[in-house]
Undergrad: 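Structure provided below as structure tokens; questions to follow.
Convention: sequence-line order gives letters A, B, ...; per-chain numbering from 1. Note that the coordinates shown come from a computational prediction; the quantities given were computed from them, not determined experimentally.
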Protein chains: 2
Amino acid sequence: MGYQQRRGDTLQDPDRRPPSRRIADELRERIIRGELSAGAKLPSEREMAQAYSTARNTAREAITILRNEGLVDVQHGRGAFVRTRPSLLRLGSRYSRALREQTGLSPYRAEVIKQGRTPRVDCTSIKRIRPSADIAHRLGVDPASKSVIRRENWYFADNQPVQVGVTFIPWTIARGSVLAKQANLGPGSIYGRFEDLGHPIVRSHEEISARMPTPEETRGLAIPPGVPIMQVVHTSIDQHGVPFEVTQFVMRADLGGLDYTIPVDD
Amino acid sequence: MGYQQRRGDTLQDPDRRPPSRRIADELRERIIRGELSAGAKLPSEREMAQAYSTARNTAREAITILRNEGLVDVQHGRGAFVRTRPSLLRLGSRYSRALREQTGLSPYRAEVIKQGRTPRVDCTSIKRIRPSADIAHRLGVDPASKSVIRRENWYFADNQPVQVGVTFIPWTIARGSVLAKQANLGPGSIYGRFEDLGHPIVRSHEEISARMPTPEETRGLAIPPGVPIMQVVHTSIDQHGVPFEVTQFVMRADLGGLDYTIPVDD
DNA sequence: CAGTGGTCTAGACCACTCA
DNA sequence: GAGTGGTCTAGACCACTGT
């Protein structure tokens with residue numbers, strides 16, 4: 001058979017939306033109104049096709065639209081469900097020594113525990129590498145030699161991956177210290193060690209952006225469709241204005257957000 | 001005809017990817033390698049279908065995948081093109097009086113001009129309203145009466161909409177001032193006026209998150225598929241620790257990002 | 001006008017989930 | 001095994017862009 005029949009409307013406001021959009025719009029409306037609440041199961045594709053007198057593919061297209069908006073979560077063999085919004089982990093630039101000594105916990109751990117979940121941080125790799133031009137520039141090191149240590153950390157909440165952080169440290173600073181070798185950095189975490197080495201963090205610079213994940217990120221962080229990632233490039237600066245560490249974070253935007261409190265000078 | 005023929009592979013590593021994914025992966029590879037550079041036109045759907053011996057819908061599905069990743073830009077009647085990454089506007093928390101008086105420009109205008117583009121900011125609406133529970137809580141005002149002024153601002157670069165900001169100000173502060181009435185706030189912009197009213201900004205709190213846009217945001221900001229938005233809830237705090245203004249920003253993540261420099265106290 | 005994407009149809013088989 | 005989503009086919013007409 002041919003194309004869809006136009007909706008019979010010779011009046012002022014013909015519904016110009018194609019059926020797939022119309023179905024998506026109606027479902028979205030019902031989700032936002034709460035008629036379909038979080039976790040609720042949508043009608044199956046075949047049911048919806050029947051209900052709207054369309055082909056299954058058309059109903060399916062409608063669901064795809066909502067999926068790409070991050071509104072529904074489709075599970076193979078089970079159905080499509082209204083996505084539950086987990087409360088966001090509020091992370092941010094929290095590097096003060098007071099905080100380190102007070103809680104004995106990293107800001108990440110503290111935040112996850114606050115939400116009644118179980119934190120885990122895995123250091124999966126420590127290598128000495130040749131830095132990218134960008135990293136070399138940020139740290140003021142030689143881009144042509146193995147001038148930095150690269151540490152990769154994965155952050156979990158209840159065993160669910162939330163973010164990855166890749167830290168770059170000039171070899172001249174890390175050489176001989178635990179930073180260059182050990183996964184476990186001891187009390188006060190990494191900033192405690194930098195302080196031991198004569199580089200207390202006195203200023204933090206953060207560049208934040210958001211985009212859709214690459215396929216690698218989608219796999220690694222188990223990111224569902226319709227969920228973007230936030231990317232933070234963090235630079236730590238010491239008392240002499242010297243950048244001594246750069247970390248690139250990639251986090252699932254549906255699980256976390258960032259919080260900053262910034263003093264405003266004259 | 002029936003289902004796709006499996007790729008003839010009785011060896012160890014059969015390619016388990018469905019054709020649409022495989023085509024998408026190959027195109028993505030070519031884009032990342034630079035073989036298809038920014039702005040380049042992809043083969044048409046019909047050409048790709050022919051080249052891969054699939055139905056047109058299958059080739060189309062592959063393009064849709066890349067589109068949802070934000071990698072390609074599809075134009076009706078013209079073709080699909082590798083998306084150009086415009087340089088990001090780096091915005092952030094820049095509220096110092098010095099900056100206000102130095103340039104005479106708002107941080108937004110300064111940043112857009114720096115990129116050789118033409119800024120425009122339109123104040124499209126000023127109303128006295130009853131605040132949402134969230135806003136009322138943040139400002140410490142009555143959620144049951146018209147206790148706040150709401151100002152809506154649209155930010156453009158070369159007439160392209162980049163972000164929207166909705167500002168809420170307690171009526172008790174805005175009453176009688178230009179804040180409650182006028183679009184144009186004069187030199188030093190809005191923070192100059194708050195200072196005139198006895199509320200210099202001494203601290204800024206920002207909560208940042210990212211998500212896919214709602215259909216309204218997609219329309220209003222002309223956001224292409226596969227592009228998320230960043231949302232910032234900004235709170236200004238005065239010398240007495242009193243929050244005197246909340247602004248909710250929504251910005252296209254492909255056009256802008258955020259930059260923060262944060263001092264770290266002991 | 002030809003060419004491109006946008007959308008739909010009707011039917012098919014595969015892969016996963018759950019009782 | 002019944003039901004659900006995942007994917008594909010072959011063909012169709014619509015709507016937009018260009019020459």
Undergrad: Between A:R117 and A:Q160, do the side chains contain an N or O donor and an N or O acceptor separated by less than 3.5 Å?
TA: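 Yes, A:Q160 and A:R117 have a side-chain donor paired with an acceptor closer than 3.5 Å.
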
Undergrad: Among residues two or more places apart or on two chains, list those pairs meeting salt bridge (charged side-chain N to carboxylate O under 4.0 Å, His left out) that have a residue in residues 68-80 of chain B.
TA: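 Sorted result for residues 68-80 of chain B: B:R28-B:E69.
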
Undergrad: So for atom CZ, which belongs to A:R130, do other residues, nucleotides or ligands contribute more than 12 heavy atoms lying within a distance under 6.0 Å?
TA: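 No, because the 6.0 Å sphere around CZ of A:R130 holds 12 heavy atoms or fewer from other groups.
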
Undergrad: Less than 4.0 Å between a side-chain N and a carboxylate O, is that true for A:R85 and A:D254?
TA: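 Answer for the salt bridge query: no.
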
Undergrad: Which ones in residues 54-68 of chain B lie close to DNA chain D, meaning a heavy atom under 4.0 Å from one of its atoms?
TA: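 Output list: B:T54, B:A55, B:R56, B:N57, B:T58.
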
Undergrad: What residues from residues 41-50 of chain A pass a heavy-atom cutoff of under 4.0 Å to DNA chain D?
TA: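 Going residue by residue through residues 41-50 of chain A, the ones with a heavy atom under 4.0 Å of DNA chain D turn out to be A:S44, A:E45, A:R46, A:E47.
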
Undergrad: Quick check on contacts: within residues 217-228 of chain B, what sits under 4.0 Å from DNA chain C by heavy-atom distance?
TA: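 Contacting residues: none.
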
Undergrad: Below 4.0 angstrom, N of the basic side chain to O of the carboxylate: do A:E152 and A:R150 qualify?
TA: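 Salt bridge between A:E152 and A:R150, a charged N being under 4.0 Å from a carboxylate O: yes.
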
Undergrad: Which protein N or O atoms sit under 3.5 Å from an N or O of nucleotides 16-19 of chain D?
TA:
from	atom 1	to	atom 2	distance (Å)
D:dG18	OP1	B:R78	NH1	3.1

Undergrad: In whole angstrom, give the distance that lies between atom CZ of A:R17 and atom P of C:dC8.
TA: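 That distance rounds to 12 Å.
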
Undergrad: Can you tell me how far OG1 of B:T247 sits from CG of B:N153, rounded to the nearest 0.5 angstrom?
TA: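 Atom-to-atom, B:N153:CG and B:T247:OG1 are 8.0 Å apart.
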
Undergrad: Any salt bridge between B:R138 and B:D134, counting N to O under 4.0 Å?
TA: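 Yes, this pair counts.
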
Undergrad: Going by the rule ring-ring contact (aromatic ring centres under 6.0 Å, His included), which residues pair with A:H234 if we only count those two or more places apart in sequence or in a different chain?
TA: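 Partners of A:H234 under the ring-ring contact (aromatic ring centres under 6.0 Å, His included) test: A:Y95.
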
Undergrad: Under 3.5 Å, is there a donor-acceptor pair between the A:Y260 and B:E207 side chains?
TA: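 Absent: no donor and acceptor within the cut-off.
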
Undergrad: What distance separates B:M251 CE from B:Y155 OH, expressed to the nearest 0.5 Å?
TA: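 Those atoms lie 10.5 Å apart.
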
Undergrad: Just by modelled atom types, is the A:L88 backbone N or O under 3.5 Å from a matching donor or acceptor in the A:Q115 side chain?
TA: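 Judged by distance alone, yes, a pair lies under 3.5 Å.
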
Undergrad: By the definition side chain to side chain donor-acceptor pair (under 3.5 Å), identify the one residue from A:R252, A:Q231, A:R211 that meets it with A:E217.
TA: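 Exactly one pass, corresponding to A:R211.
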
Undergrad: Of the candidate nucleotides D:dT7, D:dG6, C:dC8, which contains the atom at the shortest distance from the side chain of A:V74?
TA: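 Of the options given, the side chain of A:V74 lies nearest D:dG6.
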
Undergrad: Side-chain donor-acceptor pair under 3.5 Å between B:E26 and B:Y52, yes or no?
TA: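 B:E26 vs B:Y52: donor-acceptor pair found between side chains.
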
